[in-house]
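First the structure, in the form of C-alpha cells, and then the observations on it.
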Amino acid sequence: DAGITQSPRHKVTETGTPVTLRCHQTENHRYMYWYRQDPGHGLRLIHYSYGVKDTDKGEVSDGYSVSRSKTEDFLLTLESATSSQTSVYFCATGVGGARETQYFGPGTRLLVL
Amino acid sequence: AQSVTQLDSQVPVFEEAPVELRCNYSSSVSVYLFWYVQYPNQGLQLLLKYLSGSTLVKGINGFEAEFNKSQTSFHLRKPSVHISDTAEYFCAVSDSTQGGSEKLVFGKGTKLTVNP
C-alpha cells in the first residue's frame, strides 16, 4: 500500500472551534485528496491538490480550507467547526489522471458537539 | 458531469452463495469505472477497474465486474462469498476524455453482509 497516515484518528471538538486534520504520505504522489464519508452519501470530495501550493475545490468545499506546503503533507482546516461537519474524513493520494488508482488513508472520525 | 447509482444500500447473503452488487452510471462522456472496498474501520482499497478493452474485468479476492455500455452498468459479482467479504463496496467513475476532470465520483455504497 501507499504509506498514508492521518492524524488525529479521532477528535471531539465544540462548535465554533478551529480544527486541523493532517494527511502525511511517503509515496511521493503528486495528487492528494480530502473526502468526507457520511451515511447515505458515500464519499464526497472536499478539496484536492495537484502539487505543492496547488489546490482546488471539490463538491463540498464550503467551510473547509486546505494547504499543501510540502509534497508529503496535506492539511484540512475547519475554520469554525459546525455539527454538520461531524463525519469521517479520508485522505487519498495518487499519481494523478482519471485512470489511476487512489490510495486511501485510515480515516479520521470527527465529532463536533 | 457524472453520477453513480448503487441500487442496493444493503445486501445480506449466506456464506458460499453468489452475489451481485449493482452499479449504474450516468455520463455525457466516456468514463473509466472503478470498484473500491472498505472493510470495517478501514480506508478504501481498489478491487478492480475498467479502463478499456475486455468488458469483463477481474479483480482481487475473486471478484469480477462487467462493463455494459448500452445499459450504462458496471455490476460486481462473486460466485461464492466468504465471511471475510463483509464490507462496504463503492462504485466510482471518472471522465476518460482528454482534458476531462480527473476527479472520482462515488456512489453511495452497498453494505454486503455475509452470514454463516
Side-chain angles (χ1 to χ4, degrees), chain A residues 1-7 9-10 21 23-25 27 29-51 54-61 66 74 87-109, chain B residues 1-10 21 23-25 27 29-53 57 59-60 67 74 87-111:
Chain A
D1 335 343
I4 305 169
T5 56
Q6 293 184 231
S7 59
R9 294 292 313 280
H10 300 87
L21 308 183
C23 177
H24 179 77
Q25 59 135 338
E27 296 298 309
H29 284 162
R30 180 183 172 197
Y31 279 69
M32 297 185 76
Y33 309 84
W34 277 108
Y35 292 93
R36 60 178 290 174
Q37 183 179 26
D38 304 290
H41 289 277
L43 272 83
R44 292 178 291 175
L45 182 65
I46 305 171
H47 282 281
Y48 69 102
S49 169
Y50 47 96
D54 293 322
T55 65
D56 204 352
K57 295 179 180 180
E59 179 188 359
V60 290
S61 59
V66 290
F74 192 33
S87 187
V88 182
Y89 291 87
F90 286 98
C91 173
T93 74
V95 299
R99 62 192 293 139
E100 299 299 334
T101 300
Q102 291 187 18
Y103 300 89
F104 285 78
T108 294
R109 289 188 176 273
Chain B
Q2 295 85 44
S3 67
V4 176
T5 301
Q6 291 185 242
L7 295 154
D8 305 295
S9 59
Q10 298 191 49
L21 306 184
C23 172
N24 285 89
Y25 68 93
S27 177
V29 298
S30 57
V31 296
Y32 299 126
L33 292 151
F34 303 78
W35 276 100
Y36 282 82
V37 59
Q38 183 182 30
Y39 298 106
N41 299 312
Q42 296 185 26
L44 281 72
Q45 58 182 273
L46 183 73
L47 261 184
L48 50 79
K49 58 184 175 182
Y50 172 77
L51 301 179
S52 64
V57 181
I60 62 172
F67 170 53
F74 190 52
E88 190 159 17
Y89 293 79
F90 292 93
C91 183
V93 300
S94 63
D95 180 351
S96 67
T97 57
Q98 185 83 7
S101 169
E102 299 177 342
K103 301 173 200 174
L104 268 182
V105 175
F106 285 89
K108 294 181 179 180
T110 297
K111 286 190 178 176

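Letters A, B, ... are given to chains in the order of the sequence lines, protein chains preceding strands, and every chain is numbered from 1. This is a predicted model, so every value here is computed, not measured.
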For residues 40-51 of chain B, run the donor-acceptor check on the side chains, cut-off 3.5 Å, and write out each pair with its distance to 0.1 Å, sequence neighbours left out.
residue	atom	partner	partner atom	Å
B/Lys49	NZ	A/Arg99	O	2.9
B/Lys49	NZ	A/Thr101	OG1	3.1

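No more than 12 heavy atoms of other residues, nucleotides or ligands sit less than 6.0 Å from atom NZ of B/Lys108.
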Yes or no on side chain to side chain contact (heavy atoms under 4.5 Å, CB included) for B/Gln38 and A/Gln37, after CA distance, side-chain angles and deciding distance? CA-CA 11 Å; B/Gln38 183 182 30; A/Gln37 183 179 26; 2.9 Å; yes
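Between B/Leu104 and A/Tyr35, the closest side-chain pair of non-hydrogen atoms falls below 4.5 Å.
For the atom pair A/Gln102 CD and B/Phe106 CZ, the distance stands at 6.0 Å (nearest 0.5 Å).
For A/Tyr50, no part lies under 4.5 angstrom from a heavy atom of chain B. Interface remark: A/Leu43 contributes backbone and side-chain atoms alike to the contact with chain B (heavy atom separation under 4.5 Å).
Highest contact tally toward chain B, considering only A/Gly107, A/Gly97, A/Pro39, is held by A/Gly97 [criterion: heavy-atom pairs under 4.5 Å]. Counting heavy-atom pairs under 4.5 Å between each of A/His41, A/Gln6, A/Arg44 and chain B puts A/His41 at the top.
Taking the salt bridge (charged side-chain N to carboxylate O under 4.0 Å, His left out) definition, one finds that A/Asp54 meets it with nothing, sequence neighbours left out.
In this structure, B/Ser94 and A/Ala98 approach most closely via the heavy-atom pair OG-O, 2.6 Å.
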